[in-house]
**Student:** 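Dropping a structure here in C-alpha cells format, bear with me for questions.
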There are 2 protein chains.
Amino acid sequence: MAARAGGQGGKQPTINDVAAMAGVSKKTVSRVINRSEFISDKTRKSVQQAIETLGFVPNPQARALAFRRNFLIALLHDNPNAQTVLNFQQGVLDAIKDSDLALLVRPVDRGSDKLLDDVRLFLEKQRPIGAMLLPPISENDDLAKICEDLGVRYVRVGSAPLDDARHCVSSNDREVVAEAVGKLIALGHRRIGFVRGPAGFRSAAEREEGFRAALAAAGLSLPDELYAPGNYRYTAGVEAGEAMLSLEEPPTAVFVSNDEMAAGVMSVAHGKGLSVPADLSIIGFDDSPTATHIWPALSTVRWPIREMGSRAARTLVADFLGSGAKAADDENPVMPSTFIERQSVAPPRG
Amino acid sequence: MAARAGGQGGKQPTINDVAAMAGVSKKTVSRVINRSEFISDKTRKSVQQAIETLGFVPNPQARALAFRRNFLIALLHDNPNAQTVLNFQQGVLDAIKDSDLALLVRPVDRGSDKLLDDVRLFLEKQRPIGAMLLPPISENDDLAKICEDLGVRYVRVGSAPLDDARHCVSSNDREVVAEAVGKLIALGHRRIGFVRGPAGFRSAAEREEGFRAALAAAGLSLPDELYAPGNYRYTAGVEAGEAMLSLEEPPTAVFVSNDEMAAGVMSVAHGKGLSVPADLSIIGFDDSPTATHIWPALSTVRWPIREMGSRAARTLVADFLGSGAKAADDENPVMPSTFIERQSVAPPRG
DNA sequence: TTGTATGCGTTATCAA
DNA sequence: TTGATAACGCATACAA
C-alpha cells in the first residue's frame, strides 16, 4: 500500500503543513517545489525532509489556478489510425512518466466547420502547457496559430518538416520510400504501380515524391494506368488492385502508400489466383499490425511513431521548464523511418 | 472566429464581471452556473444574459480547486488492443462532447508491482470525477477498491458482469460465442478446434465457456489435441495453427479467441496450401481491422466497444450530476456483441 | 536567502 | 431567494 503519512485528520497534507513542520514560510516550501535557485542547501534539505515524512504532494488544481496553466499536455488527433495514435500516446507517456504531467486526449473532426472553434475552446478551458498535433490535422496552419495565440506550446507531427524545429517532429518518408522502391528496381522490376494517399495529405505527397524520385533515378516512367488514387482505406486498395491487376500488362510490383490499402491490393491478388510475391511484389507503409497479420507478411516502412511521441512530449516539457531548452535544440527533429523487408517482395517472374 | 466579447483588457471575463454586469453577487452567478434551484427566474435570466454578452466561460481550474474535483474522466487501460482502446475513447467522447468534461488517458502496466500505487497516486493528483477501467485491468478488484476509497466513481468494462450494474458495462461474449460455434456445427462441422486467450483473463474464460457450451449442446467433445493455449497474440495463433494443422486428422473448423490469433492460424493454413474456408473454417473475435484486412475476410464477433465507451461515460456523468441518476439505472449494462459472417466459414469438405 | 501580503476564480457557509 | 466572507492550495510581488 502507498505509504501516506497523512497530514492531519486523514486529509492530504498541504503546503502549510510542510511549512509548519519545517519551520519556514509557505513561500519557501513553494520555492523548493519549484526548484528555485535562491535557497540555502540547509533549508532546502529540511523542507524536503518535511515533504518526505508528510508524504506531501502538491495539489495540481491549486497549482493550475495559480499558474494559470494546467499541468497537462494535450494530444489532438483525427483518428487516422488507431495503432498510430496509441503508439504515439505510449511514446508521450514514456517521456512524461517521471514528471507530474498527465495526458489529455482530444479527438477532433477535421471535416467539421467548427474545428477551429472547438480546438480554441478546448485549449482555453483546459489550458494545457502544450499540445501535440498528429497528422493530418498537424498540417493545418490555423490550428498552430490558435495554439500560438493562446500561449499553448505546440508540436506538429508530420512526414516532413512542417514548421521550425521547435514546433515540429517529423520523419523522412520521402527518402525511405525512394529507398524501398529502389530495392524493387534493383530486383529487376520495371513495371511498378503506385497507389496514392488522399489528396491534401502531406504524407501522401511525400510518399509520391519519394516514389517518383526512385523511378526517375532509374530512368523509369510511371504510366497512367499504374497510378491509382487512394484514401488510406482498405477499399481503396481493393479498387486500385482490381484496376491494375486487370490490365493486359499488369505491374510486377506495386508500392502502396499505406498498409491498409496494401492489404486490399493483396486480397485482390489472392482473389485472382496470383501469388504474392512471385507474381506481384507489394510494399506498404506504416508497419501497422496488419502488415504482419496478413499473408504473406508485408514489406513496409516503419514509422518511428512512438519515438516521435516521446520526442514531441520532451520538446514540450523542455520548452515549459525553460532552462532545459537544450533538449529541444540539441536533437534533430527529423526521426528516421526504416524500410522493413518481409515476405511480400521478390524478383519479377522470368 | 470564436465570438469572444471579452471582459476587460483582453482577458477572459470572470464571474466577477458577470456579477457586476448583472448587478448581483458572484454567488448568485455561481448558482446559475451550477443550476441551483433557489433562484428566481428573473435573476436567472438577467445573469444568463450577462454571461451571454460577456462570453463568459467558467474557469475549470478554479472550479476544480473549489470543488476539490477535476472535471475530467479518466480512462485507465493496459493497451490490450489499439483499436479497442481508440474505439472506446471515441464512444466516451460521443457521450461527453456536450458537457464540459474532458478525457484523461492513462496507460498502466498491469505487470508492474507498483500498479496499485501508480493508479492511486494518479487519481489522488488528478481527482477526476470518474474513472473507466478497460479489460484486463477492469478485472482487478483492488483497483476498483482504490477508486472507491478515493471517492472516484468508476465503471469496469468487461466481457461479463464484473460488478453491480452501477459500476459495470459488459458484453455477452459467452452467448455470442456459443451462437457462432453453433453455426459451425449446423454447417456440419464435427471436429472443431479451439484457441484460447491468456490465463487469468475473464474474457478468455467466457469465450471458452461459450465454446464448450455449444459443443455440449450438440453432444460433441473437445479432444485435447484440438485445444490450444494462447495469449491473444499473432504468434500464438501461428503456434496453434501449426500444431492443429499437422494432426493426422486436423480440424475442419476452428474458433480462435481473437482476430489477431485467428490471422496467425490463417497464415499457417495458407502456408500449408490449405484453402480457407474450403479446407478450414475460421472464426475470430473482436472484429478488429485485421478481420477485414486478411484474406479471406474473417467471420468474427463484433464487440460493441464504442457503445460501451459511451455507456460508461454516461454512467459516470449521470452519477456525477446526481439528479440524472436515471440514466444509470434504466439501461441494461449488458451490451450485446454480434456474430458477423464473412468469408472464412463454409461447410466442411465432403 | 527568506517572509508577508495578496491574488488566482470559483464554491461553501451562514446569516439576512 | 440572495449576499458577504471565508475557504480552496499554491504562486508572485515586494519587502526585509
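Per chain, numbering begins at 1; letters A, B, ... match sequence-line order.
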**Student:** Which nucleotide, C/dG9, D/dA11, C/dT2, lies nearest any side-chain atom of A/Ile39?
**Tutor:**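 Looking only at heavy atoms from C-beta outward on A/Ile39, the closest nucleotide is C/dT2.
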
**Student:** For B/Arg44 and D/dT1, what is the distance between atoms CZ and C1' respectively, to the nearest whole Å?
**Tutor:**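 To the nearest whole Å, that distance equals 11 Å.
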
**Student:** Quick one: which of A/Thr53, A/Ile51, A/Val47 gives a side-chain contact (heavy atoms from CB on, under 4.5 Å) with A/Gln49?
**Tutor:**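 One option only clears the test, and that one is A/Thr53.
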
**Student:** Provide, to the nearest angstrom, the distance between the CG atom belonging to A/Asn59 and the C1' atom belonging to D/dA11.
**Tutor:**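 After rounding, the reported distance stands at 13 Å.
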
**Student:** Got a sec, which residues hit salt bridge (charged side-chain N to carboxylate O under 4.0 Å, His left out) with A/Asp78, two or more places apart in sequence or on another chain?
**Tutor:**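 Counting only residues at least two positions away or on another chain, A/Asp78 forms a salt bridge (charged side-chain N to carboxylate O under 4.0 Å, His left out) with A/Arg110.
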
**Student:** When the distance from CZ of A/Arg69 to C1' of D/dA11 is rounded to whole Å, what number comes out?
**Tutor:**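 Checked: the CZ to C1' distance equals 15 Å.
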
**Student:** Scan residues 18-30 of chain A against DNA chain D and write down, sorted by residue number, each residue with any heavy atom closer than 4.0 Å; if none is found, say none.
**Tutor:**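 The answer is A/Lys26, A/Lys27, A/Ser30.
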
**Student:** Roughly how many Å is it from CG in A/Asp17 to C1' in D/dC10, rounded to a whole number?
**Tutor:**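 For the pair A/Asp17 CG and D/dC10 C1', the rounded distance is 13 Å.
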
**Student:** Please determine whether a side-chain nitrogen of the Lys or Arg among B/Arg314 and B/Asp319 lies less than 4.0 Å from a carboxylate oxygen of the Asp or Glu.
**Tutor:**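 Judged by the 4.0 Å cut-off on N to carboxylate O distance, B/Arg314 and B/Asp319 do not form a salt bridge.
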
**Student:** Would you check if B/Gln89 and B/Val85 make a side-chain contact, meaning some heavy-atom pair closer than 4.5 Å?
**Tutor:**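 When only atoms from C-beta onward are counted, B/Val85 and B/Gln89 do touch, with a gap below 4.5 Å.
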
**Student:** Taking CZ from B/Arg63 and C1' from C/dA12, how many angstroms apart are they, rounded to a whole number?
**Tutor:**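 Rounding to the nearest Å, CZ of B/Arg63 and C1' of C/dA12 are 14 Å apart.
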
**Student:** Have a look at B/Phe56 and say if it touches a base, only the backbone sugar-phosphate, or nothing, with a 4.0 Å heavy-atom cut-off.
**Tutor:**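 Result for B/Phe56 = sugar-phosphate.
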
**Student:** Which nucleotide in the list D/dC10, C/dG9, D/dG3 gets nearest to the side chain of B/Arg31?
**Tutor:**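 Looking only at heavy atoms from C-beta outward on B/Arg31, the closest nucleotide is D/dG3.
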
**Student:** Rounded to whole angstrom units, what separation is found between the NZ atom of A/Lys125 and the C1' atom of C/dG9?
**Tutor:**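 The distance from NZ of A/Lys125 to C1' of C/dG9 comes to 15 Å, rounded to the nearest Å.
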
**Student:** Please report, to 0.1 Å, the donor-acceptor pairs under 3.5 Å made by any side chain of residues 58-67 of chain B, with sequence neighbours excluded.
**Tutor:**
unit_1  : atom_1 : unit_2   : atom_2 : d
B/Asn59 : OD1    : B/Gln61  : N      : 2.6
B/Asn59 : OD1    : B/Ala62  : N      : 2.9
B/Gln61 : NE2    : A/Lys125 : O      : 3.3
B/Gln61 : NE2    : A/Gln126 : O      : 3.3
B/Arg63 : NH2    : B/Asn34  : OD1    : 2.7

**Student:** Send over the distance from A/Phe67 CZ to D/dA13 P, rounded to a whole Å.
**Tutor:**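 The answer, rounded to whole Å, is 11 Å.
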
**Student:** Which whole-number value in Å describes the distance from B/Leu65 CG to C/dG7 P?
**Tutor:**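 Atom CG in B/Leu65 sits about 17 Å away from atom P in C/dG7.
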
**Student:** Side chain of B/Ser40, heavy atoms from C-beta onward: which of C/dT2, C/dT10, D/dT2 has the nearest atom to it?
**Tutor:**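 The listed nucleotide nearest to B/Ser40's side chain is D/dT2.
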
